[in-house]
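Take this structure first; my questions come after.
Since the structure is predicted, the reported quantities are computational estimates derived from the model, not experimental observations. Letters go in sequence order (proteins before strands), and every chain restarts at 1.
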Amino acid sequence: MAHFVQLLTSFTCNVATYLSRIFGMDGKTTRTWKLVLSWLPIILLAGWYTTTAYHRTEENPDEKLTPTPTKVYEAFQRYALEPDKAGDYRLWKDVRASGERFLWALPWLFLAALVGLHMGLYQWVEDLSLRSLTVVDKIPPILLLALIFVVLGTGDIAKVAIIVITVFPTIALDTQLITKSFPKELRIKAKTLGASNAEITYLVVFKNIFPRVLHVFRSSLKAIFLALLAAEAVVSAVGIGYRTFYVQRFSAVDVILVYVITATLALVTIDLSIRWYVRLRYKWLDK
Amino acid sequence: MSFIELTDVHQAYGHKRVLNDIDLRIREGEFTTIVGPTGCGKSTMLRLILGSEQPVRGSVTIEGTPVTGIHRDRGIVFQQYGLFPNLTVLENIMFGPVHERHSFVGGIIGRAIIKLRRGAECWLGKRVGNLLPKGPLYAIEEQALEYLNRIGLSEADAGKYPFELSGGMRQRVAIASAAIMKPKVFLMDEPFGALDAVTRQKMQQFILELHQKYQMTIFFVTHELREALFLGTRVIALSQYYKTDNGGEPGTQGSKIISDFPLQRTSTLDEKYSPELNAIEKQLMEDLDGSKKKYIGDFHLTHPDSFRTVDAAEWRRTS
């Protein structure tokens with residue numbers, strides 16, 4: 001008996017040590033635990049939703065609020081794989097429309113990075129723009145929506161404009177900070193090596209901070225799409241935001257889910273591809 | 001005769017005075033090392049010669065021309081951030097000549113051609129690489145490779161990025177990238193401060209060899225006394241701890257040159273611990289001891305080039 005108690009104690013002690021090594025502060029998880037823990041919330045959520053959906057559909061076959069995965073897939077088929085009366089594949093048409101508006105905004109965001117670069121290097125550009133950008137950065141863009149629709153009409157230009165107004169100041173200000181953190185020593189060194197101002201600005205500083213600017217862009221993706229989809233939801237005839245809010249009138253949660261998943265996947269893809277690009281192309285970064 | 005000349009130089013940042021009436025003449029080919037306590041303005045003095053800063057009073061000239069800004073004639077090696085992290089070793093060494101001799105666009109195109117050719121050489125062999133165009137930067141590339149050899153790196157290191165090099169190698173490349181411009185003056189701000197003891201010693205020998213071979217004028221800031229003595233042909237101590245008849249307080253009065261010694265040219269490591277250097281070290285230690293403030297009349301300015309003009313209020317010769 002005593003032997004058994006001792007065994008039990010030592011077993012408990014070992015388990016406690018093992019657990020604290022993983023779950024204690026500064027603990028390190030093993031690869032298996034990492035896999036389990038990272039998938040756990042996703043699996044739980046999916047499982048919980050699916051069971052609820054099936055239960056509710058069983059009780060009421062016309063249930064709309066919690067469509068089962070099958071129903072969502074059917075909606076996907078209707079919107080992505082079959083043409084509607086006009087002969088359009090609606091999901092892809094919407095993705096394309098939103099994507100185009102997003103692409104049109106990109107040159108302006110690059111310009112924002114350039115503005116930030118100059119703000120960080122030239123005092124007068126900073127004097128000229130810092131105050132106004134800081135103020136504009138704080139305007140809630142949704143409120144501007146009305147104004148922009150009045151001024152620029154309700155077409156694509158207005159939607160691109162709302163994206164630009166939302167994130168231009170953020171990107172410019174963040175780029176300025178990154179530029180300022182670029183070591184002054186390297187700028188001085190470039191000057192002693194006979195580089196001109198333009199060469200230092202674009203070939204030394206901008207080339208070095210560009211991957212960091214890409215990270216800034218990555219983190220503003222959500223704001224970009226928030227602005228774009230909100231604008232589409234208010235006034236549009238095509239686009240992810242438009243369709244989602246259109247079908248919401250018929251409580252078509254299945255279609256909404258299709259669009260939510262599509263948009264999420266698109267954003268994740270953009271985000272990850274930028275991350276991979278930076279990792280491959282700029283292997284000297286942060287070393 | 002004098003190459004670098006500082007006359008009555010005062011420097012202050014706002015109300016904080018840093019340099020107080022510095023007079024200094026340095027002849028061509030001199031390896032001047034400069035030591036002093038933290039915050040004495042060693043780096044400030046270096047920046048004044050570099051031209052990234054202007055003195056509030058006094059003048060800095062090089063070969064009689066006043067220093068008004070950063071110039072390609074003065075090369076710099078910092079302790080950190082000596083290399084452009086986004087450029088390879090070869091590109092780092094080529095940076096100066098390329099930007100001096102080629103336009104913005106020409107430089108970009110030339111670099112792209114080199115990258116292409118070197119990439120092809122790496123993947124497809126030298127013979128394929130030789131078929132590709134040499135590009136407008138070929139002469140500079142050859143020159144950079146020569147410098148690469150000179151600092152003891154091989155052509156295999158040419159394509160590496162700075163983060164792939166050890167600290168010592170990085171500083172060698174930094175020195176090469178400054179040296180390829182053949183500047184009139186080399187300024188070094190604690191270039192070996194971040195290196196471990198053995199690497200540091202190797203780098204010291206390396207810089208000595210360079211100096212002996214090419215007789216560059218070097219202005220070398222360090223906080224390590226032994227390094228200053230071993231490397232220099234002249235050692236200068238700068239300190240804010242001294243007494244004048246004005247009764248200034250350290251920190252408000254600004255630094256002065258309190259010692260200035262000629263040094264025997266050393267070449268072997270044995271001389272690093274020779275009795276002569278030991279004696280000078282002892283003297284410098286005493287001079288730099290902040291608790292025993294040296295009187296302005298008792299500074300050890302024994303170097304033949306040493307001179308100073310003094311403020312009558314600071315030194316009323318009572319005796």
* Per-residue contact mode, B/I180 against chain A (heavy atom under 4.5 angstrom) ->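 Neither; nothing under 4.5 Å.
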* **Heavy-atom closest contact (B/A178 atom, A/L193 atom, distance)** =>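 In terms of heavy atoms, the two residues are closest at CA-CD2, 4.3 Å.
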* Asked: So which part of B/S103 gets closer than 4.5 Å to some heavy atom of chain A, the side chain, the backbone, both or neither?
  ->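 Contact with chain A: backbone only.
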* Is it the side chain or the backbone of A/Y202 that comes within 4.5 Å of chain B heavy atoms, both, or neither? ->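 The side chain, not the backbone.
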* Asked: Highest number of heavy-atom pairs under 4.5 Å with chain A: which of B/P183, B/P162, B/G82?
  ->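 Result: the option with the highest number of such pairs is B/G82.
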* To do: Let me know if B/I108 has heavy atoms under 4.5 Å from chain A in its side chain, its backbone, both or neither.
  =>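 Answer is side chain: those atoms of B/I108 sit under 4.5 Å from chain A.
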* Portion of B/Y161 that has a non-hydrogen atom of chain A nearer than 4.5 angstrom ->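 Just its side chain gets close to chain A.
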* To do: Enumerate by number any residue of residues 131-141 of chain A whose heavy atoms lie under 4.5 Å from heavy atoms of chain B; in the absence of such residues, state 'none'.
  =>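 So far as heavy atoms go, nothing in residues 131-141 of chain A approaches chain B to under 4.5 Å.
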* Do A/K184 and B/S52 have side-chain N/O donor and acceptor atoms under 3.5 Å apart? ->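 Side-chain D/A pair, A/K184 to B/S52: absent.
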* Closest non-hydrogen atom pair, B/S177 against A/K189 ->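 Nearest heavy atoms, B/S177 then A/K189: OG-NZ, 2.6 Å.
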* **Side chains of B/R72 and A/T192 in contact at under 4.5 Å (non-hydrogen atoms)** =>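 The answer is no; the side chains never approach within 4.5 Å.
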* Asked: Checking heavy atoms, do the side chain of B/Y81, its backbone, both or neither come under 4.5 Å from chain A?
  ->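 Both backbone and side chain of B/Y81 come within 4.5 Å of chain A.
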